[in-house]
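As structure tokens, the structure follows; a few thoughts come after it.
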Amino acid sequence: MTTDPRPTLGRLRARTVPVRALTPHVQDALWALFARYYADVDRPTFQRDLAAKDHVILLEDPAAGLAGFSTLQVYDRAVHGRRVVCVFSGDTVIDRAYWGQTALQRAFLAYTMRVKAAHPLTPVYWFLITKGYKTYLLLTRNFPEHWPRHDRPTPAWQAAVMDALARERFGDAWRPDLGLLRFSSPAGRLRDDVAPIDPALLAAPDVAYFAQRNPGHAHGDELVCLGHIGLDLASSYLAKLARRRLTRPRKALAVG
């Protein structure tokens, strides 16, 4: 009789911590995981980007350790004389073995709701740039109001917010005619074997739209996106969870 040397995967647990509280050991683990999934990246740039963020969501398997993370920054800006608050997502990665788990979505939802509660009278948006369809699906499947999207054009106000935020943060890399960030030198891209878009996936309208809007995603082009953070976000997510529970097949009762 032999034993399987592979660890049994557990349910991910998420905790949100200030970036300043990360130990060197944890930062080393973040970099190691990030470098496994992204090419054209380097440690100094990673560290600078990390230091500029406010918080990081750590995804951990109690038995196996760090399995994912997402960095976050909150700031406010004036767009055409109107104040907006932005939750900006930076580097994000989840170990492939845990794809499909929802710890990140739940932790991110809780984070955005805290930001909204702190700014109840100000428009709050998730400012997202993405070179991968999976991250785009996190937006489309969880945010009732999001842009750009396949089924309607982006309203003028939201387009102005995206333009202002992308222009300020990324300068000449921002291509407003395309809605993309296109960098003159490599700024990181998913490795070729990480979440490629195969023909079967294009049957999903959101995936097909992402591929059409960002044909250079495999080379590191980023689609600029925006999601509205309001009370409807929490209610929509809770309703989705309830529908999942209702449609989930029930286990048959054992008879003995």
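Note that the structure is a prediction, hence the values are computed from the model and not measured.
- A 4.5 Å side-chain heavy-atom check between Arg11 and Asp61 finds every atom pair outside the cut-off.
- The shortest heavy-atom contact between Leu33 and Ala67 is CD2-C, 3.7 Å.
- Summarising the geometry of Gln27 relative to Leu22, their closest heavy-atom pair is NE2-O, 3.2 Å, with the distance given to 0.1 Å.
- Under a cut-off of 6.0 angstrom, the local environment of CZ in Arg96 is crowded, with over 12 non-hydrogen atoms contributed by other residues, nucleotides or ligands.
- Between Phe46 and Phe69, the ring planes are perpendicular. Angles over 60° get that label, and only those under 30° would be called parallel.
- Between His146 and Tyr136, the angle of the ring planes goes over 60°, which puts this pair in the perpendicular group of the 30/60° scheme.
- Within a 6.0 Å sphere centred on CG of Asp151, heavy atoms belonging to other residues, nucleotides or ligands number more than 12.
- With hydrogens and angles ignored, the 3.5 Å screen pairs no side-chain donor or acceptor of Ser89 with any backbone N or O of Val87.
- Contact check on Arg36 versus Asp95 returns a salt bridge, with a Lys/Arg side-chain nitrogen under 4.0 Å from an Asp/Glu carboxylate oxygen.
- For Trp147 against Leu139, the heavy-atom pair with the smallest separation is O-CD2, 4.2 Å.
- Residue pairs satisfying the salt bridge (charged side-chain N to carboxylate O under 4.0 Å, His left out) criterion with at least one member in residues 116-133, sequence neighbours excluded, are listed as follows: Lys131-Glu222.
- Contact record, Ile229 with Tyr125: CD1-C, 3.7 Å, taken as the closest heavy-atom pair.
- Ring geometry for Trp31 versus Phe34: interplanar angle of 30 to 60°, hence tilted.
- A donor-acceptor pair is defined here as one N or O able to donate and one able to accept, closer than 3.5 Å; such a pair exists between the side chain of Thr23 and the backbone of Val26.
- When every heavy atom of Tyr98 is checked against every heavy atom of Gly10, the shortest pair comes out as CE2-O, 3.6 Å.
- With hydrogens and angles disregarded, no donor-acceptor distance shorter than 3.5 Å links the side chain of Arg182 to the backbone of Asp172.
- Thr122 contributes no side-chain N or O that, together with a main-chain N or O of His119, makes up a donor-acceptor pair within less than 3.5 Å.
- Here the side chain of Asn214 pairs no donor or acceptor atom with the backbone of Phe210 at under 3.5 angstrom.
- Here Tyr111 and His55 bring their ring centres to under 6.0 angstrom of each other.
- At least one donor-acceptor pair under 3.5 Å links the side chain of Arg191 to the backbone N or O of Ala35.
- Remark: aromatic rings of Phe108 and Trp126 are close, center separation under 6.0 Å.
- No side-chain heavy atom of Leu59 sits under 4.5 Å from any side-chain heavy atom of Leu66.
- Nearest heavy atom pair, residue Pro148 against residue Tyr209, reads CB-OH, 3.2 Å.
- Scanning for salt bridge (Lys or Arg N to Asp or Glu O under 4.0 Å) contacts around Asp42 gives an empty result, with sequence neighbours left out.
- Outside the 6.0 Å centre-distance limit, the rings of Phe88 and Tyr75 are not counted as a close aromatic pair.
- A donor and an acceptor atom, one from each side chain of Asp91 and Thr71, are nowhere located under 3.5 Å apart.
- Taking the salt bridge (Lys or Arg N to Asp or Glu O under 4.0 Å) definition, one finds that Glu168 meets it with Arg77, sequence neighbours left out.
- In this structure a side-chain-to-backbone donor-acceptor pair under 3.5 Å is present from Asp54 to Val74.
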